[in-house]
Peer 1: 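First the structure, then my questions, so here it is.
All residue numbers in this chain count up from 1 along the given sequence.
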Amino acid sequence: MDATTDFEIRKAELADLPAIISLFAADEVGGHGDTTELEAFADYLAAFARIEASPLQTLYVARLGEEVVGTFQTALLTSLPGRGQPRLVIEAVQTREDMRGRGIGACMMRHAIERAREEGAGKVQLSSNATRTAAHRFYERLGFVRSHFGFHMPLK
């Protein structure tokens with residue numbers, strides 16, 4: 001299937017949730033503990049509802065035909081540095097493993113960048129797991145620049 005002809009990026013719908021969960025559950029590097037087990041579905045459903053309720057967050061799916069083959073989330077963040085100019089944060093980027101290398105990720109990133117421009121953002125930013133060296137090369141090819149170190153602190 002050619003990503004340039006059958007490809008669609010749209011806001012995620014509730015019906016997409018099982019496919020999105022499957023993308024994260026298949027990710028062995030992320031270490032987020034995602035699972036397709038039925039008892040976890042309520043947690044994902046609650047998170048989906050919080051994202052849907054936020055005017056500053058959007059969850060997207062990438063589809064080829066009827067299949068969800070990728071996903072990403074954006075959040076518009078405004079802080080005082082930079083004279084309050086907003087920035088678009090890209091999170092939770094996943095392309096189904098068997099669909100990588102077909103331009104899907106690049107299309108998702110172009111979509112996010114265009115959204116940032118529409119929102120008047122001064123920049124787009126994302127973070128990537130330090131072990132994902134192929135993803136780092138991908139982002140750099142798209143024009144992203146390594147500029148900061150990221151830190152996190154698990155609370156659970």
Side-chain angles (χ1 to χ4, degrees), residues 3 7-35 40-63 68-97 99-100 103-156:
F7 191 70
E8 172 192 31
I9 295 175
R10 64 162 169 74
K11 186 176 174 188
E13 300 171 355
L14 186 57
D16 299 318
L17 193 54
I20 295 168
I21 295 166
S22 292
L23 288 172
F24 294 126
D27 178 19
E28 296 178 5
V29 177
H32 300 289
D34 291 298
T35 179
F41 189 75
D43 295 333
Y44 293 109
L45 191 58
F48 184 86
R50 283 192 304 273
I51 294 166
E52 278 287 294
S54 171
L56 300 176
Q57 297 185 69
T58 307
L59 179 64
Y60 294 94
V61 290
R63 292 170 33 113
V68 172
V69 296
T71 188
F72 65 100
Q73 181 176 341
T74 61
L76 194 62
L77 177 64
T78 302
S79 58
L80 290 176
R83 297 171 58 181
Q85 187 171 42
R87 63 182 172 264
L88 190 82
V89 180
I90 304 170
E91 284 287 325
V93 178
Q94 280 288 340
T95 301
R96 205 171 74 192
E97 189 172 4
M99 293 289 168
R100 293 180 186 152
I104 294 166
C107 288
M108 291 191 305
M109 292 301 94
R110 282 193 297 272
H111 188 88
I113 292 165
E114 183 55 34
R115 168 135 161 41
R117 287 188 175 111
E118 291 168 2
E119 293 291 340
K123 69 178 171 180
V124 175
Q125 68 184 51
L126 56 81
S127 61
S128 179
N129 186 304
T131 64
R132 295 185 191 271
T133 56
H136 303 165
R137 289 189 302 272
F138 164 74
Y139 292 127
E140 288 171 339
R141 279 194 309 272
L142 293 176
F144 287 87
V145 177
R146 294 184 202 207
S147 63
H148 293 72
F149 287 103
F151 298 91
H152 74 273
M153 177 189 293
L155 298 178
K156 289 185 181 185

Peer 1: So, for Met109 and Val93, which heavy atoms are closest and what is the spacing to 0.1 Å?
Peer 2: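 Looks like CE-CG2, 3.8 Å.
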Peer 1: Of the non-hydrogen atoms in Met108 and Ala62, which two are nearest, and what is the gap between them?
Peer 2: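 It is SD-CB, 3.7 Å.
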Peer 1: Say you draw a straight line from CD1 of Ile51 to OG1 of Thr74; how long is it, rounded to the nearest 0.5 Å?
Peer 2: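 Between atom CD1 of Ile51 and atom OG1 of Thr74 there are 10.0 Å.
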Peer 1: Between CZ of Arg115 and CG of Leu88, what distance do you get to the nearest 0.5 Å?
Peer 2: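 If we round to the nearest 0.5 Å, Arg115:CZ and Leu88:CG are 6.0 Å apart.
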Peer 1: Mind checking the CD-CD spacing from Glu119 to Glu114? Nearest 0.5 Å is all I need.
Peer 2: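 The distance works out to 11.0 Å.
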Peer 1: Nearest 0.5 Å, what's the CD-OG1 distance between Gln94 and Thr71?
Peer 2: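 So the gap between those two atoms works out to 8.5 Å.
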Peer 1: Among residues at least two apart in sequence or on other chains, which ones pass ring-ring contact (aromatic ring centres under 6.0 Å, His included) with Tyr60?
Peer 2: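 For Tyr60, the residues satisfying ring-ring contact (aromatic ring centres under 6.0 Å, His included) (neighbours in sequence not counted) are Phe72, His111.
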Peer 1: One pair to check against side chain to side chain contact (heavy atoms under 4.5 Å, CB included): Ser79 and Arg87. What are the steps and the verdict?
Peer 2: CA-CA 9 Å; Ser79 58; Arg87 63 182 172 264; 3.2 Å; yes
Peer 1: Which heavy atom in Thr95 sits nearest to a heavy atom in Leu23, and how many Å separate them?
Peer 2: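 Shortest heavy-atom separation between Thr95 and Leu23 comes out as C-CD2, 4.3 Å.
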Peer 1: Which heavy atom in Phe41 sits nearest to a heavy atom in Pro18, and how many Å separate them?
Peer 2: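 Looking at all heavy atoms of both residues, the closest pair is CE1-CG, 4.4 Å.
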Peer 1: Working to the nearest 0.5 angstrom, can you tell me the gap between Arg137 CZ and Leu142 CG?
Peer 2: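 One gets 13.0 Å once the value is rounded to the nearest 0.5 Å.
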Peer 1: Restricting to non-hydrogen atoms, name the atom on Ser128 and the atom on Ala135 that form the minimum distance, rounded to 0.1 Å.
Peer 2: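 So the two residues come closest at OG-CB, 4.0 Å.
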Peer 1: Given side chain to side chain contact (heavy atoms under 4.5 Å, CB included), test Asp34 with Tyr44 step by step and report yes or no.
Peer 2: CA-CA 9 Å; Asp34 291 298; Tyr44 293 109; 2.8 Å; yes
Peer 1: Nearest 0.5 Å, please: how far is OH in Tyr139 from OG in Ser127?
Peer 2: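 Taking OG in Ser127 and OH in Tyr139, the distance rounds to 8.5 Å.
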Peer 1: What closest approach, in Å, do Leu126 and Ile90 show between heavy atoms, and which atom pair accounts for it?
Peer 2: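 For Leu126 and Ile90, the tightest heavy-atom pair comes out as CB-O, 3.5 Å.
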Peer 1: If you apply the rule side chain to side chain contact (heavy atoms under 4.5 Å, CB included), what do you find for Gln57 with Arg50, and how did you get there?
Peer 2: CA-CA 9 Å; Gln57 297 185 69; Arg50 283 192 304 273; over 6 Å; no
Peer 1: Please step through side chain to side chain contact (heavy atoms under 4.5 Å, CB included) for the pair Leu56 and Leu77, ending with a clear verdict.
Peer 2: CA-CA 8 Å; Leu56 300 176; Leu77 177 64; over 6 Å; no
